[in-house]
Amino acid sequence: MADPKHPRHYEESFKRQIVQLYENGKPAREIKAEYDISHSTLHRWVQGIRNSGSTKAADNRTPEQNELIELRKRNRQLEMEVDVLKQAALIFARK
């Protein structure tokens with residue numbers, strides 16, 4: 001299995017080939033053993049292809065999930081801005 005700190009990256013064409021094998025009746029355990037793919041990865045690819053025709057995570061998110069991701073990004077940005085303003089306030093307070 002892959003190291004969680006260094007996940008594998010697969011080409012879209014490879015993912016589609018694996019899903020096609022599964023859809024054509026090849027057992028999941030054989031696919032997992034032959035290609036060293038985890039159960040959850042195979043399941044996610046199959047579900048993605050079935051639901052949206054894509055294995056990309058961004059294509060398979062709900063609008064609420066996309067909104068949450070955007071809000072978290074915005075929150076991080078605002079926290080950085082607050083930190084910068086705090087540092088600036090300390091500098092101006094010394095003068």
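Fair warning: this is a prediction, and the values are worked out from it, not measured in the lab.
- Less than 6.0 angstrom separates the ring centroid of Y10 from the ring centroid of W45.
- With hydrogens and angles ignored, the 3.5 Å screen pairs a side-chain donor or acceptor of N24 with a backbone N or O of Q20.
- The environment of Q77 atom CD is dense: over 12 non-hydrogen atoms of other residues, nucleotides or ligands sit within 6.0 angstrom.
- Remark: E34 CD to K26 NZ distance equals 3.5 Å, nearest 0.5 Å.
- Residues E70 and K73 are paired through a salt bridge, judged by an N-O separation under 4.0 Å between the basic side chain and the carboxylate.
- Proximity of R8 to T41: side-chain heavy atoms (C-beta onward) are nowhere separated by under 4.5 Å.
- Of all heavy-atom pairs between I18 and L42, the closest is CG2-CD1, 3.6 Å.
- Within the model, atoms CZ of R76 and CD of E81 stand 13.5 Å from one another, a figure rounded to the nearest 0.5 Å.
- With rounding to the nearest 0.5 angstrom, the CG atom of L78 is 10.5 Å from the CG atom of L71.
- Residues meeting the side chain to side chain donor-acceptor pair (under 3.5 Å) test with Q17, sequence neighbours left out: none.
- We find the NZ-CG distance between K32 and D36 to be 11.5 Å, quoted to the nearest 0.5 Å.
- Looking only at side-chain heavy atoms (C-beta outward), F14 and I37 come within less than 4.5 Å of each other.
- Between E12 and R16 there is a salt bridge, since a side-chain N of the basic residue sits under 4.0 Å from a carboxylate O of the acidic one.
- M80 places none of its side-chain heavy atoms less than 4.5 Å from the side chain of V84.
- Listed by chain and number, the residues in a salt bridge (Lys or Arg N to Asp or Glu O under 4.0 Å) with E23 are R50 (sequence neighbours excluded).
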